[in-house]
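Heads up: the structure comes next, in structure tokens.
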Amino acid sequence: MTADEKTSLAEFLDAAAAVTGSGYRSAREYHFSDDVVNSSSETAADADAPDSLEKVAAAVRSCTACKLAATRKNAVPGEGVLNPLVMVIGEGPGADEDATGRPFVGRAGQLLDKMLAAIGLSRESNCFIANVIKCRPPANRDPQPDETAACASFLERQIQIIKPRCILCAGRIAAHTLLNTTEPIGRLRGKFIDFQAGDITIPFLATYHPSALLRNEDLKRPAWEDLKLLRGAIEETAH
Ligand code: URA
């Protein structure tokens, strides 16, 4: 029914009500079965609502901003708790993550979980796990600049929403992307720096990627030093 038809019908009902003595009602009070909330006002209300992890996840899952959308099985938004002690940021989904839609669930992920557990952390209780890119690059190749650029706002929104106390950056690719540098990971790791995310500054520690530790046992000791540094920083910033 058009708006004009509704107005005419409402006027007719008003007139009928006056005749039958059932009382006056303003035409604006009539409700018609096709009076649906119009989608443009819904969108405006949605835009005004605070951002949320659910909104980011939905946007990630429907994203087609780069070519990885065509080859992914599942996008991998990330998972964990709000206000985590630590946000772990890795590179991007591999085959297991692509198959499940969950971050760090393959061999490297299992090692990551053990590393976190060794310093009292877990994705279930006090961490959030995400990646710089949310879709798997074919054959696990490095993400390309247009792909990291297309994904950047998702990670920025996640950081703004969850407000992690610290960031643990896993591996060269994530560190290079987030710090906009090409310095070797061996020189970036082992020290906290201030990471600016919008209007918040977050202590940021880079370390080796768990897959690198699986390939090279020698990296396990420095990675353990990094974890101890992380634990110390968490305790120092406890409030
Ligand atoms: N490697 C990553 O960097 N991220 C994952 O989610 C899995 C493996």
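By convention here, the first residue in the shown sequence is residue 1. All ligand and atom numbering here is 1-based and tracks the order in the structure.
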So for ligand 1, is [X] a polar contact partner (N or O within less than 3.5 Å, distance only)?
| X | answer |
| --- | --- |
| Glu97 | no |
| Pro93 | no |
| Phe104 | yes |

Short side-chain to backbone donor-acceptor contact, [X] and [Y], under 3.5 Å:
| X | Y | result |
| --- | --- | --- |
| Glu235 | Gly232 | no |
| Asp98 | Pro93 | no |
| Asp146 | Lys67 | no |
| His176 | Glu183 | yes |

Q: Tell me, with the steps shown, if Cys151 and Ile133 meet side-chain contact (heavy atoms from CB on, under 4.5 Å).
A: CA-CA 6 Å; Cys151 241; Ile133 56 160; 4.1 Å; yes
Q) To the nearest 0.1 Å, how far is atom 5 (C) of ligand 1 from its closest protein heavy atom, and which atom is that? A)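 I find the closest protein heavy atom is Gly92 O, 3.4 Å.
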Q: Quick one: look up the protein heavy atom nearest atom 4 (N) of ligand 1 and list residue, atom name and how far away it is.
A: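 Sorting protein heavy atoms by distance from atom 4 (N) of ligand 1 puts Asn131 OD1, 2.8 Å first.
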Q. Take atom CG in Asn216; do more than 12 heavy atoms of anything else shown fall under 6.0 Å from it?
A.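 Enclosed: over 12 neighbouring heavy atoms sit under 6.0 Å from CG of Asn216.
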Q: Can you establish whether the number of heavy atoms outside Arg221 located under 6.0 Å from its atom CZ is more than 12?
A: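 No, because the 6.0 Å sphere around CZ of Arg221 holds 12 heavy atoms or fewer from other groups.
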Can you name the atoms of ligand 1, numbered from 1 with element, that are less than 4.0 Å from a heavy atom of [X]?
| X | result |
| --- | --- |
| His209 | 1 (N), 2 (C), 3 (O) |
| Glu91 | 2 (C), 3 (O) |
| Pro103 | 6 (O) |
| Gly90 | 3 (O) |

